[in-house]
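Atoms within each ligand, like the ligands themselves, are counted from 1 in listed order. We number each residue from 1, following the sequence as shown.
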Amino acid sequence: MSTFSIRDLPKTNTFTQKLPPDPQYPTPASSHKEERSKLGPRLVREAAYTYVRPDGFEKSELVGVSATALKDLAIDPSTIESEDFKDTVAGRKIITLDNGTEPKDDAIYPWAQCYGGYQFGQWAGQLGDGRAISLFETTNPETKVRYELQLKGAGKTPYSRFADGRAVVRSSIREFVVSEALNALRIPTTRALSLTLAPQARVRRETMEPGAIVARFAQSWLRIGTFDLPRSRGDRDTIRKLADYAAEEVFGGWDKLPGKIDSNDTTPSTGVPKDELQGEAEHQQNRYTRLYREIVRRNAKMVAYWQAYAFTNGVLNTDNTSIMGLSIDFGPFAFLDNFDPNYTPNHDDHMLRYAYKNQPSIIWWNLVRLGESLGELIGSGDRCDEEEFVKEGVRKDWADELVKRAETLIEATGEEYKAVFMAEYKRLMSARLGLKQCKEGDFENLYSELLDTLEALELDFNHTFRKLSYISTDQIDSEEKRKEVAGTFFHHDGLGSLAGSEADARQRIANWLAAYRTRVLEDWADSPEEERFAAMRSVNPKFVPRSWVLDEIIERVEKKGEREVLGRVTKMALNPFEEKWDGDAEEEKRWCGDVPRYQRAMQCSCSS
Ligand code: AMP
Ligand code: MG
């Protein structure tokens, strides 16, 4: 496989070439010549982005690089010590610019995206990349996947509003590690290439803190909020341009989007009940409807993963919901420790709007906002390309018909969302339990009962699945043995105070193990047990970056000046299914073991 230095990496700027720039700085040169402080903050209309150069730290230290990210981006690992690499990911150098010359109109020049969003259910107006600046796109020649590389924390943009455009060390460590951890767990996510610290920089939060920059990348950074903003301004043109861009450039062409929902087809792939789509609406599923459905389906799959791995984003505003169905914008996220559906990692979310159990319905709430932004295009049916509609919008005499069609289609897509979510959730839970299929009754008897048990007995969610991946059917073939094995799932310091008596707890787990054993024997009758163990251990991680582990690392890096610890945790995050990582054996054991009692279910503030 051919790999490149960051300078030689093949680069493009499709986003800035195809989408409308900020009218005040329509070319790279117009922004480049301007004093940086004059670019903003301000309101930006009829635009998808503003050209803006990074304002990196003078002095910085590259402390983390993801080996998997290098591979996915086709960057040669032997080039990461170069000045080019370090200066680029620290925002000190624009690698696509010939020094001293004025950038041409089609130059690959850094930009910040314009978007808005609903925050905690309220319309928040223009937000945008307030501290993220994209540098370029690059396509891996082997996989043909195109990524947009961006820096988080490299200075103010026109979208910074009242804030400083910076990021602090603690939140940058968290984002760097979790992006790559989620990816290794196969959970759709934006990615992280590198972590750069600026220990001397002073960034004001509740106290003064050192600064940092994460170089992150994704196939697209478009969010639902990207569509919310032009909708709030009645800017039909920009919505249509963004939708066309999403279909053609992000999803690879209109022909790659899902086919029409056939109302005669009630297979699980669409799962749409027959009478959801009737008559006209069914025939008038135009390409924008298919685009909407693609976005919905991807988000359904993403949130199914979150639920199956007990990941909580913590701030699911529409600006933090990707149209590609990627986990995006890592603030007060967390993996659950003990299973508690009401848990939220967000200290300020008193209403529990973004609690674990609410994630599937919140993502749908956000997708309905997108449905509203795309509503006119979806509802226009076969007329979506008529000149009059494109130029002037909906004529009064067919407005009712359009609205009705849009509503019907969005509602039907809601059914599709549920069906895709359910199918994906069942697939993942079956795999985590080591079952080959989800049979009638499994959902109630195995999944729900397990979750209820974990909740009632205050047991660790992800550890339970890993522990199950070592238990043979022989070890649980009698009631006595099952009660004995039940203790494996307890915390080392015993049951929590609300969990009831130990005898009852053992009995409850034993009952579940009996039902579980029956199903395992059904699915694996003729296979050696090692095969099932291997399958289970390849989907049930030994290591996930829990909040308490991240806190320890932050403390050690920020306060004690340690650096190697980042390399060790990154290796674990990149290879979560391994047994060991050949780092520090004591540390590995601790981080994969019981969460210390007083560090369970921690919460963070939104400040980052
Ligand atoms: P978030 O809560 O991280 O999704 O951020 C919401 C909005 O605030 C986005 O538009 C961010 O770009 C912006 N933002 C957050 N922190 C900062 C900061 N330190 N400087 C500038 N903009 C910020
Ligand atoms: Mg955000």
pair Y49-F15: side-chain heavy atoms closer than 4.5 Å: yes

Just checking, R174 and F333: is the charged tip under 6.0 Å from the six-membered ring centre and within 45° of the axis? yes

Does E249 pair with R146 as a salt bridge, N-O distance under 4.0 Å? yes

Aromatic F176 / basic R191 pairing, under 6.0 angstrom, 45° off normal: no

Give a yes or no on whether a salt bridge exists between R568 and E564, defined as a side-chain N under 4.0 angstrom from a carboxylate O. no

Test the R223-W221 pair against the cation-pi criterion, namely NZ or CZ under 6.0 angstrom from the six-membered ring centroid and within 45° of the ring axis. no

Check: R563 side chain, V557 main-chain N or O, donor-acceptor pair, under 3.5 Å: yes

Considering residues, nucleotides and ligands other than K86, do more than 12 of their heavy atoms fall under 6.0 Å from its NZ? yes

Neighbour list for ligand 1 [protein residues, heavy atom under 4.0 Å]: Y115, Q119, L127, G128, D129, G130, R131, S160, R161, A163, D164, G165, R166, R205, D319, N320, D329

Near the Mg ion (ligand 2), meaning under 2.8 Å, how many protein N/O/S atoms are there? 2

Counting distance only, does the side-chain N/O of Y354 pair as donor-acceptor with the main-chain N or O of F120 below 3.5 Å? yes

